[in-house]
Amino acid sequence: MKTLRAACSALAASLLLVGCAQLPPAASVPRDEVITRLMAREHVQGLALAVIDRGQVIKVASYGWRNSERRLPLTTDTVMYGASLTKTAFAYMLLQLADEGKLDLDASVATLLPQALPAYRGKDHDYTDLAADPRWRSLTPRILLTHSAGFSNFRWLEPDKRLRIHFDPGSRYAYSGEGFYLLQLIVEQGLGLDAGREMQRRVFDRFGMRTTSMMWRPDFAENLADGYRADGSMEPHDERSRVSAAGSMDTTIADQAGLWSGILRGEGLSARSRAELTRAQLPIRSRHQFPTLASEDGAPPAGLAAGLGLVTFRDRSGVGWFKGGHNDSTGNMVLCLENGQRCVVLLANDVRAERLFPELARLVLGETDMPWSWEYGWFQPGAGGP
């Protein structure tokens with residue numbers, strides 16, 4: 001009997017060890033002094049951070065200044081520019097519409113809009129340039145969400161500032177804000193919905209994001225972050241008067257923590273749609289994310305692919321995915337690992353903070369296979385360190 005009991009105890013202990021060995025490492029919370037030292041190294045004025053572990057927010061913090069000239073501190077409730085993080089939030093809203101049968105992700109824009117796409121010409125949308133290219137009929141919400149429409153990032157980057165399709169839709173990845181403009185047109189003209197109101201109701205209100213909006217709100221002025229360019233000059237936070245699915249979201253780090261933890265858990269989506277969000281939809285074959293239309297002659301990391309409104313990659317822990325947001329005075333990054341439902345969320349009102357993101361991500365998540373060199377052309381593996 002004693003031998004049997006000993007054997008059972010040994011078996012139970014071994015099973016416990018196996019179970020523990022399979023648990024992913026917990027996300028870590030970096031020390032404040034380490035973050036401020038890194039910020040000083042790169043002359044970063046303001047940075048906000050959130051850490052998510054097991055789908056729950058375990059840390060929300062802010063550092064530095066929302067306006068250094070006036071010595072106004074950046075707080076966790078300071079309104080910051082979300083930039084292209086807007087795209088993933090918008091994709092999440094579209095997946096809710098798909099769950100409800102209101103939007104077919106694989107339907108042609110020819111059937112989703114009441115008029116032919118080239119017939120649309122207005123203040124906020126002009127697609128007349130596509131009249132001579134029948135490939136516009138191949139465009140679908142899935143193609144637009146995977147940045148494979150063939151558009152440049154923005155038409156004003158074209159030499160003649162006209163919209164065109166550079167390759168067969170769906171055949172390759174090329175990051176494009178224009179694709180999200182078209183998705184917004186489908187929501188507003190095809191479904192007859194107000195994109196800003198739908199985002200507020202379906203995303204921001206759902207996740208308790210009280211200080212987030214797709215348009216400027218007067219109450220934002222009380223605690224607003226101005227931006228800082230690479231040369232250190234200040235750029236005032238602008239007041240966006242129009243909803244833009246490509247990047248008009250104003251938000252706070254506290255609200256973003258709620259958003260990304262909710263996305264990790266899949267709240268408001270069917271299990272199928274949550275899986276589609278981060279499924280490798282289209283392999284990425286470019287050496288870098290930018291310039292968007294560069295030839296595909298590089299050697300991207302294995303497993304790099306477009307998800308829906310984000311990029312997914314093959315991490316040593318399993319599935320990883322990320323989304324950045326950037327302009328001349330803003331640097332944002334969200335990096336998540338499905339194993340352990342872990343994320344680091346980084347918002348900065350200083351574009352120089354992007355130089356810190358690989359190090360900060362390593363402090364929070366440990367070593368990952370995040371394709372930093374693809375996302376940031378300047379990144380050199382092994383460089384820097386906390």
Side-chain angles (χ1 to χ4, degrees), residues 29-52 57-86 89 200 204 207-244 247-260 324-334 344-357 359-361 363-364 386:
V29 177
R31 299 192 309 274
D32 290 348
E33 59 268 26
V34 173
I35 294 177
T36 54
R37 177 163 54 84
L38 290 173
M39 290 174 63
R41 188 191 74 196
E42 299 295 338
H43 310 288
V44 173
Q45 296 299 326
L47 173 71
L49 169 145
V51 178
I52 300 166
V57 179
I58 64 171
K59 172 78 171 181
V60 179
S62 60
Y63 308 88
W65 309 101
R66 64 183 176 94
N67 183 297
S68 63
E69 288 79 9
R70 297 166 59 195
R71 310 307 283 177
L72 300 175
L74 185 73
T75 70
T76 57
D77 293 322
T78 295
V79 176
M80 306 176 75
Y81 180 37
S84 286
L85 300 186
T86 310
Q200 188 67 47
F204 304 153
F207 296 124
M209 303 168 69
R210 297 183 179 85
T211 318
T212 297
S213 175
M214 293 290 282
M215 288 178 59
W216 172 259
R217 285 177 11 198
D219 61 301
F220 287 171
E222 299 174 4
N223 188 0
L224 186 69
D226 294 314
Y228 292 86
R229 305 180 185 92
D231 63 2
S233 59
M234 190 266 281
E235 181 176 325
H237 190 115
D238 65 354
E239 301 178 7
R240 291 170 178 81
S241 59
R242 294 200 302 265
V243 171
S244 171
S248 67
M249 178 174 65
D250 274 324
T251 190
T252 69
I253 189 60
D255 281 0
Q256 288 297 298
L259 171 65
W260 296 97
H326 170 97
N327 69 9
D328 287 346
S329 58
T330 299
N332 298 332
M333 174 57 66
V334 178
V344 58
V345 183
L346 298 160
L347 303 183
N349 61 322
D350 190 325
V351 73
R352 293 171 293 190
E354 290 177 335
R355 297 276 175 177
L356 309 180
F357 289 174
E359 295 169 66
L360 291 172
L363 288 171
V364 172

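Predicted model, so just to flag it, every value in this text is computed and none were measured.
Atom CZ of Arg217 has more than 12 heavy atoms from other residues, nucleotides or ligands within 6.0 Å. By the neighbour-count criterion of 12 heavy atoms within 6.0 Å, atom CD of Glu69 is densely surrounded, having more than that number from other residues, nucleotides or ligands.
Here the CD-CE distance, from Glu239 to Met215, works out to 11.0 Å after rounding to the nearest 0.5 Å. Interatomic distance, CD of Gln256 versus CD1 of Ile52, reported as 9.5 Å (0.5 Å rounding). For the atom pair OG of Ser248 and CZ of Arg240, the computed distance is 7.5 Å after rounding to the nearest 0.5 Å. Separating the CD atom in Glu33 from the OH atom in Tyr63 is a distance of 9.0 Å, to the nearest 0.5 Å. If you take CE on Met214 and CD on Gln200, they are separated by 10.0 Å, rounding to the nearest 0.5 Å. Taken from CG in Asp350 to CZ in Arg355, the straight-line distance is 12.0 Å, to the nearest 0.5 Å.
For Thr75 (side chain) and Thr78 (main-chain N/O), a donor-acceptor pair under 3.5 Å exists by modelled atom type. Within the 3.5 Å criterion, the main-chain N or O of Val79 finds no donor-acceptor partner in the side chain of Asp250. Listed for the Asn349 side chain is no donor-acceptor partner under 3.5 Å among the backbone atoms of Asn67. Judged by distance alone, with hydrogens and angles left aside, the side-chain atoms of Asp328 form no donor-acceptor pair with the main-chain N or O of Arg229 at under 3.5 Å. Side-chain N or O atoms of Asp226 include one that pairs as donor or acceptor with a backbone N or O of His237 at under 3.5 Å. Here the side chain of Tyr81 pairs no donor or acceptor atom with the backbone of Gly227 at under 3.5 angstrom.
Looking at Leu360 and Val344, their side chains never come closer than 4.5 Å, going by heavy atoms from C-beta outward. Annotation: side chain of Phe204 is in contact with side chain of Met249 (closest heavy-atom distance under 4.5 Å). By the 4.5 Å heavy-atom criterion applied to side chains, Arg41 and Leu356 are counted as neighbours. Leu38 has its side chain out of reach of Pro30: every pair of non-hydrogen atoms, C-beta onward, lies at least 4.5 Å apart.
A pairwise comparison of heavy atoms in Ala89 and Leu259 identifies CB-CD2, 4.4 Å as the closest pair. Taking each heavy atom of Gly247 and Thr86 in turn, the nearest pair found is CA-OG1, 3.4 Å. Between Phe357 and Ala348, the shortest heavy-atom distance links the atoms CZ-CB, 4.4 Å. Residues Ala353 and Leu47 share a closest heavy-atom pair of CB-CD1, 4.4 Å. Nearest heavy atom pair, residue Asp255 against residue Gly208, reads OD1-O, 3.9 Å. Between Ala257 and Val60, the shortest heavy-atom distance links the atoms CB-CG2, 3.9 Å.
There is a side-chain donor-acceptor pair under 3.5 Å between Asn223 and Arg66. Using modelled atom types, one finds a donor on one side chain and an acceptor on the other under 3.5 Å when comparing Asp231 with Ser233.
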Evaluate Glu354 against Glu42 for side-chain contact (heavy atoms from CB on, under 4.5 Å), listing each step before the verdict. CA-CA 9 Å; Glu354 290 177 335; Glu42 299 295 338; over 6 Å; no

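Test Leu346, Asp77, Leu74, Leu347 against Ile253 for side-chain contact (heavy atoms from CB on, under 4.5 Å) and you get one pass: Leu347.
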